[in-house]
Amino acid sequence: MNAQEPRQYTQGKVIPSVIEEAVLQALSHYPALKETSIHFVFTDKLKKSIMAARPTIGSLFKKRRNRTYKVLINPAFKLDYGIESINQIPDSVMVGWLGHELGHIMDYENKSTWEMIGMGISYSLSRNYIRKAERLADAHAVDHGMAPYLVVKKYFILNHTELPQAYRDKIEALYLSPEDIDKLVADLESDDMGEQTELPSIPGNS
């Protein structure tokens with residue numbers, strides 16, 4: 001799926017100016033989210049993640065087309081010997097990170113209110129469920145032409161020696177590897193992307 005002109009994706013979006021270009025670049029890969037209400041918010045309340053996508057509580061009980069989502073963004077990486085502003089990471093890495101979170105929103109758009117509530121409960125209780133959900137978000141991103149950005153993001157994290165080892169281990173265990181991403185791309189190409197109606201099997205979820 002080809003990215004479209006980014007500027008047309010501002011409708012219903014709240015975007016901090018410092019990351020606007022990266023956000024719009026990521027959104028351009030998701031035409032289905034063109035009119036979806038999404039707020040991109042910097043917050044220091046994320047203790048174990050760099051980004052997280054969630055529906056707002058108030059909109060969760062509305063019709064799906066009227067939901068509002070938030071992409072929460074930690075303004076800094078916690079390193080072994082200090083912190084690093086998220087604004088210092090390469091643009092391609094930021095786009096990959098955002099693309100993954102938008103993959104979550106694509107998944108949420110297919111779920112009813114009660115399915116979303118069940119997902120939240122399962123996410124808090126089961127590591128296997130977390131792994132499945134994170135890999136599905138990656139698969140959505142790959143399906144929307146973001147594989148190169150995901151691979152860059154993965155290598156950035158895994159090769160960033162000052163990021164805590166526990167965090168790098170979590171990313172390696174729960175998310176698709178660069179090799180998995182390459183396999184998904186090959187599967188999509190072999191199935192004719194123009195006629196693809198559902199995601200291919202996600203590596204590691206059998």
Side-chain angles (χ1 to χ4, degrees), residues 1 3-4 8-15 23-24 26-41 43 45-74 96-147 149-150 170-171 173-176 180-181 184 187-188 191 193-206:
M1 182 174 297
Q4 299 184 9
Q8 63 181 295
Y9 287 87
T10 57
Q11 180 178 342
K13 310 302 187 293
V14 176
I15 308 171
V23 168
L24 293 179
L27 282 168
S28 71
H29 288 264
Y30 290 91
L33 299 179
K34 185 176 180 179
E35 298 180 3
T36 303
S37 179
I38 307 174
H39 297 184
F40 297 82
V41 182
T43 177
K45 294 182 180 180
L46 291 176
K47 302 303 181 184
K48 297 181 179 180
S49 302
I50 300 300
M51 294 188 193
R54 302 168 182 170
T56 61
I57 299 300
S59 72
L60 189 56
F61 294 92
K62 297 180 180 179
K63 294 181 179 179
R64 297 183 203 185
R65 66 175 179 271
N66 294 326
R67 284 180 187 164
T68 296
Y69 300 95
K70 286 186 177 181
V71 175
L72 305 177
I73 304 169
N74 200 323
W97 233 305
L98 292 163
H100 171 84
E101 298 307 326
L102 293 175
H104 277 301
I105 293 177
M106 288 295 296
D107 185 31
Y108 301 160
E109 288 278 84
N110 294 322
K111 287 180 165 49
S112 69
T113 296
W114 295 112
E115 287 173 329
M116 287 294 297
I117 292 172
M119 180 180 183
I121 294 171
S122 297
Y123 204 91
S124 66
L125 297 176
S126 171
R127 184 176 174 86
N128 285 336
Y129 189 90
I130 294 173
R131 185 172 185 265
K132 180 179 179 180
E134 298 300 345
R135 288 175 170 239
L136 181 57
D138 273 345
H140 275 295
V142 171
D143 191 42
H144 286 77
M146 300 206 71
Y149 295 104
L150 291 186
K170 182 183 79 169
I171 295 299
L174 298 181
Y175 297 73
L176 293 178
D180 290 333
I181 292 169
L184 279 183
D187 289 346
L188 287 169
D191 288 338
M193 292 178 63
E195 297 179 1
Q196 186 77 8
T197 58
E198 60 183 37
L199 295 175
S201 297
I202 302 171
N205 275 349
S206 57

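Starting from 1, each residue takes its place in the sequence as its number. Hydrogens, waters and symmetry mates play no part in the numbers below; they use all other heavy atoms, side chains included.
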Within this structure, what is the [atom1]-[atom2] distance for the pair [X] and [Y], rounded to the nearest 0.5 Å?
X	Y	atom1	atom2	answer
K132	N128	NZ	CG	10.5 Å
Q8	L24	CD	CG	10.0 Å
F40	M51	CZ	CE	9.0 Å
R54	Y108	CZ	OH	8.5 Å

Tell me, please, which residues at least two apart from [X] pass side chain to side chain contact (heavy atoms under 4.5 Å, CB included).
X	value
S37	H39, T68
A147	V142, I181, V185
I117	L60, F61, T113, W114, I121
K45	T43

N/O donor-acceptor pair under 3.5 Å between [X] side chain and [Y] backbone:
X	Y	result
H144	Y30	no
K34	L27	no
S49	L46	no
S126	S122	no
R67	K62	no

Q. Among pairs that include at least one residue of residues 104-117, which meet salt bridge (Lys or Arg N to Asp or Glu O under 4.0 Å), considering only residues two or more places apart or in two chains?
A.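 Matches after skipping sequence neighbours: D107-K111.
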
Closest non-hydrogen atom pair between [X] and [Y], with its separation:
X	Y	value
S28	P31	O-CD, 4.4 Å
T56	S59	OG1-OG, 2.7 Å
R135	Y175	NH2-O, 3.3 Å
P55	M116	CG-CE, 3.5 Å
H104	A53	CB-CB, 4.1 Å
G99	A26	N-CB, 4.1 Å

Q: Under the side-chain contact (heavy atoms from CB on, under 4.5 Å) rule, what do L174 and R127 come out as? Steps first, then yes or no, please.
A: CA-CA 8 Å; L174 298 181; R127 184 176 174 86; 4.0 Å; yes

Q. Does NZ belonging to K13 count more than 12 external heavy atoms closer than 6.0 Å?
A.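 It does: K13 NZ has more than 12 such atoms within range.
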
Q.
How about CG on L125, more than 12 heavy atoms from neighbouring residues, nucleotides or ligands closer than 6.0 Å, or not?
A.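 It does: L125 CG has more than 12 such atoms within range.
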
**Q.** Listed partners of Y69 passing ring-ring contact (aromatic ring centres under 6.0 Å, His included), at least two apart
**A.** none

(Q) The test is side-chain contact (heavy atoms from CB on, under 4.5 Å); show your working for L102 and I38 and say whether it passes. (A) CA-CA 9 Å; L102 293 175; I38 307 174; 4.0 Å; yes

Q: Decide side-chain contact (heavy atoms from CB on, under 4.5 Å) for L136 and H140; before the verdict, give the C-alpha distance in whole Å, the side-chain angles of both, and the deciding distance to 0.1 Å.
A: CA-CA 6 Å; L136 181 57; H140 275 295; 4.0 Å; yes

Q | H100 side chain reached by Y149 side chain, heavy atoms, under 4.5 Å | A | no

Q.
Pair L176, L150 - check side-chain contact (heavy atoms from CB on, under 4.5 Å), show working.
A. CA-CA 9 Å; L176 293 178; L150 291 186; 6.0 Å; no

